[in-house]
Amino acid sequence: MGIISFLGFTLLVAIIAYLATRKTDETSSDGYFLGGRSLGAWVIAGSLLLTNLSTEQIIGLNGQSYTEGILVMAWETLAAIAMVITAVFLLPRYLKGGLTTVPQFLERRYDTTTKAITSGLFLSGYVVVLLPVVLYTGSLAITTMFDIPELLGVSKNTAIWICVFGIGITGSIYAIFGGLKAVAVSDTINAVGLLIGGIMIPIFGLLEIGGGSISEGIDVLMTTNPEKFNVIGDSESSIPFATIFTGMMLVQLFYWGTNQAIIQRALGARNLKEGQKGLLIGSFIKILGPIIVVLPGIIAFHLFEGKLGAADEAYPELVSRVLPASLVGFFAAVLFGAILSSFNSALNSSVTLFGVDIYKEYFNREADEKQVVKAGKAFGVLLAVLAMLVAPFLAQAESIFAYLQKINGCYSIPILTIIVVGYLTKRVPAIAAKIGMLSGVLLYVLYIILGEIYESVNEFHFLHVMAILFLLNVSIMLIIGKLYPREEAYVQEYTKEVDITPWKYTKVVGAIICAIVIFTYIYFN
C-alpha cells in the first residue's frame with residue numbers, strides 16, 4: 001500500500017507539472033531558465049521553501065538537534081531576516097538589471113572574467129557539495145523508510161547506490177528537460193505536502209510521548225530534556241551564540257540573496273511586487289521551520305534515549321516508528337519531492353550558469369538561444385552523473401549538515417564579498433574583485449587544511465573565520481579601489497524587462513518578521 005501511494009502521488013505531481021508548462025516557450029533563455037518571467041508570489045514562496053527544505057535540511061538539521069537541541073534553529077529562523085534583506089535591498093536591483101544569473105551583474109559591474117570565475121565557483125560548489133549531499137541524504141531517508149535492503153535483499157551500501165541513481169535520474173529529467181517552470185510548479189505542490197507531512201511527524205511523536213496528548217508530550221519532552229531547549233549555544237556547541245552576529249548572517253545572506261539555485265526563483269517573478277511578496281511569504285513560513293527540522297530530532301532523542309548509532313538516522317528512524325503505516329507512502333512521496341526539488345533546482349541553476357555565462361561567452365559567441373539551452377542541458381547531464389558518483393561516499397562524514405555548511409564557505413563568502421562591494425561602491429575595479437575572490441577562497445581552504453592537521457585551529461569557529469575573511473576581503477577591495485579606481489563610475493541601467501514598482505508593505509511586513517525572530521530568541525533564552 002505504501003509503495004502504491006508513493007508512486008501515485010509522485011506521478012500526479014509530474015502530470016500537473018507537465019500540464020502547467022506546456023505553453024511555456026522553453027527554447028528561449030527566459031522561457032527555460034526563468035519560466036518566462038511569469039512566476040507569482042505563492043509559486044515563488046513554495047519553490048523557495050522546497051528548494052531549501054530538502055533532506056539535507058530535514059535529516060541533517062534534525063540530526064544536529066538530536067545531538068545539541070534547539071540552538072540549531074538559528075539556521076532556520078535567521079534565514080527569515082536574510083530573506084527580508086533580499087526582498088528590500090537585493091531583489092529590486094536584480095530585477096532592475098533584468099538579470100538571468102547573478103554572475104551577469106558581475107560582468108556588468110566588473111568584467112567578463114569575474115563573471116566566469118564566479119560561475120565556476122558556483123558550479124564547483126554544486127558538484128562537490130550541494131548535489132551529492134542532497135542525493136545522499138535523500139537516499140538515506142528512502143532506504144530507511146522503505147527498508148530497501150530487506151525489500152531488495154541487498155546491503156545498506158548497495159541500497160544507497162540504487163536510491164542515489166534513482167533520485168538522480170528522475171531529478172535530471174525534471175531539471176534538464178523541464179526548465180525552471182516545471183521545477184517551480186512541482187515544488188509548489190510538494191511544498192504543501194511537505195508542510196502537512198512535516199508537521200505530522202512531530203505531532204505523532206508528541207502524541208506517543210504524551211500518551212495521546214500533544215500538550216502532555218510537550219511538557220514531558222521539555223521537563224525531561226531541559227538542556228535541549230536552550231537556544232544559547234556555548235563555545236563547545238556547533239553554533240556558539242556569538243556566531244549569530246558574525247558568520248551566520250553572512251552565510252544566510254549569501255544563501256538567500258546571491259545563491260543562484262535559490263534566487264533564480266525570485267528572478268523569474270512577473271514583477272518586483274510579486275517577487276517581494278514571495279520572499280516575505282517564504283520568510284514568515286521559515287520562522288515555523290524548526291517545528292519540522294529541529295523538534296523531531298529532540299523527540300527522537302527522547303524516544304530512542306540517545307542510543308542511535310548515528311545522529312543523521314534520527315529523523316528516518318522516527319518516521320518509521322511514529323507514522324501510521326497507511327501514511328508512510330504519502331510522506332515518502334512528499335519527501336521524495338523535496339529531494340527532487342533541491343537536486344533539480346541546483347541542477348537547473350547549473351545548466352543556467354553554464355549555458356548563459358560560460359558556453360555563450362567562451363565556446364560559441366554566435367550561439368542562438370536554442371543552442372545555449374541545448375548546451376546547458378548537455379552540461380547538466382554531465383554534472384548529474386558526477387554528483388551521483390560522489391554522493392554515496394558521503395556516508396563517511398560524521399555530520400552531513402555540518403559538512404555542508406563548513407565546506408560552503410570556500411565559495412559563499414568570496415562571492416558575497418564582491419556582490420556587496422559591487423552594489424555599495426561605484427569605482428572599485430575588476431582587479432579588486434579577482435583579488436578579493438582569490439584571497440577569500442585560498443585563505444578559507446588554508447583554514448580547512450590546517451584544521452585537519454592541527455586540532456587547535458578548529459578552536460576558531462568556521463563562522464567566525466568567515467566573518468573575519470569577509471571583512472578582510474572587503475578591506476582589500478576598498479583599498480585597491482582607492483588606489484586604482486575605475487575611470488568611470490558604475491551606473492546600473494534599468495532594462496525594463498519587468499515592472500520594478502515595489503510592494504508598498506514590504507518594509508512593514510519585513511520589520512514584523514524580524515521582530516518575531518528576536519522574540520523567539522528571547523522566549524527560548
Side-chain angles (χ1 to χ4, degrees), residues 13 16-17 19-21 23-24 30-31 33-53 76 79-100 102 179-196 198 252-253 255-289 337-338 341-342 344-345 348-349 496-514 516-517:
V13 173
I16 294 173
L19 294 175
T21 58
K23 295 181 181 179
T24 301
D30 269 6
F33 297 131
L34 295 178
R37 295 191 189 272
S38 63
L39 305 184
W42 286 100
V43 172
I44 292 169
S47 188
L48 281 170
L49 289 170
L50 208 66
T51 299
N52 167 251
L53 189 60
E76 289 293 295
I81 296 178
M83 293 170 80
V84 170
I85 295 171
T86 300
V88 174
F89 179 75
L90 287 173
L91 187 61
R93 289 163 174 79
Y94 289 156
L95 295 185
K96 182 179 180 181
L99 300 182
T100 302
V102 172
L180 179 66
K181 194 164 185 179
V183 172
V185 171
S186 61
D187 282 355
T188 306
I189 301 165
N190 281 312
V192 175
L194 186 63
L195 288 173
I196 295 171
Q252 299 285 12
L253 280 173
Y255 186 84
W256 294 101
T258 67
N259 187 350
Q260 183 67 28
I262 291 293
I263 200 62
Q264 191 164 334
R265 277 98 197 93
L267 295 180
R270 68 172 65 105
N271 53 48
L272 176 59
K273 186 182 297 184
E274 291 297 305
Q276 288 179 321
K277 286 195 288 185
L279 279 164
L280 293 175
I281 291 169
S283 67
F284 182 76
I285 299 174
K286 195 69 178 164
I287 296 172
L288 304 176
S341 171
S342 283
N344 61 28
S345 295
N348 180 266
S349 297
K496 294 184 170 58
E497 291 279 354
V498 295
D499 178 12
I500 58 167
T501 304
W503 186 42
K504 61 182 179 180
Y505 300 114
T506 298
K507 292 182 180 178
V508 174
V509 173
I512 292 172
I513 290 168
C514 292
I516 293 173
V517 172

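All figures in this text were calculated on a predicted structure; none of them were measured in a lab.
Contact check for Thr501 versus Asn271: no side-chain heavy atoms found under the 4.5 Å cut-off. Looking at Val517 and Ile287, their side chains come closer than 4.5 Å, going by heavy atoms from C-beta outward. Between Pro92 and Ile500 there is no side-chain heavy-atom pair separated by less than 4.5 Å.
The minimum heavy-atom distance linking Gly275 with Leu91 is given by the pair C-CD2, 3.5 Å. In terms of heavy-atom proximity, Val88 sits nearest to Lys507 at CG1-CE, 4.3 Å. Residue Ala45 comes nearest to Gly282 through the heavy atom pair CB-N, 3.9 Å, listed as atom of the first residue, atom of the second, then distance. The two atoms that bring Leu95 and Ala266 nearest to each other are CD2-O, 4.1 Å, heavy atoms only. Of all non-hydrogen atoms in Gly257 and Ile263, the two that sit nearest each other are O-CG1, 4.0 Å. Residues Gly278 and Leu48 come closest through the heavy atom pair O-CD1, 4.3 Å.
Annotation: side-chain hydrogen bond (donor to acceptor under 3.5 Å, both in side chains) contacts involving residues 273-284, sequence neighbours excluded, comprise Glu274-Lys277, Gln276-Thr506.
Here Ile44 contributes atom CD1 and Leu267 contributes atom CG; the two are 9.5 Å apart, rounded to the nearest 0.5 Å. One finds the CH2 atom of Trp256 at 12.0 Å from the CG atom of Leu253 (value rounded to the nearest 0.5 Å). Rounded to the nearest 0.5 angstrom, Tyr94 OH and Leu99 CG are separated by 8.0 Å. With values rounded to the nearest 0.5 angstrom, Arg93 atom CZ is found 11.0 Å from Leu272 atom CG. Separation of atoms CD1 (Ile512) and CZ (Phe284) is listed at 9.5 Å; rounding is to 0.5 Å. Distance check: Leu280 CG to Tyr505 OH gives 13.5 Å after rounding to the nearest 0.5 Å.
With sequence neighbours left out, Lys96 forms a salt bridge (charged side-chain N to carboxylate O under 4.0 Å, His left out) with no residue at all.
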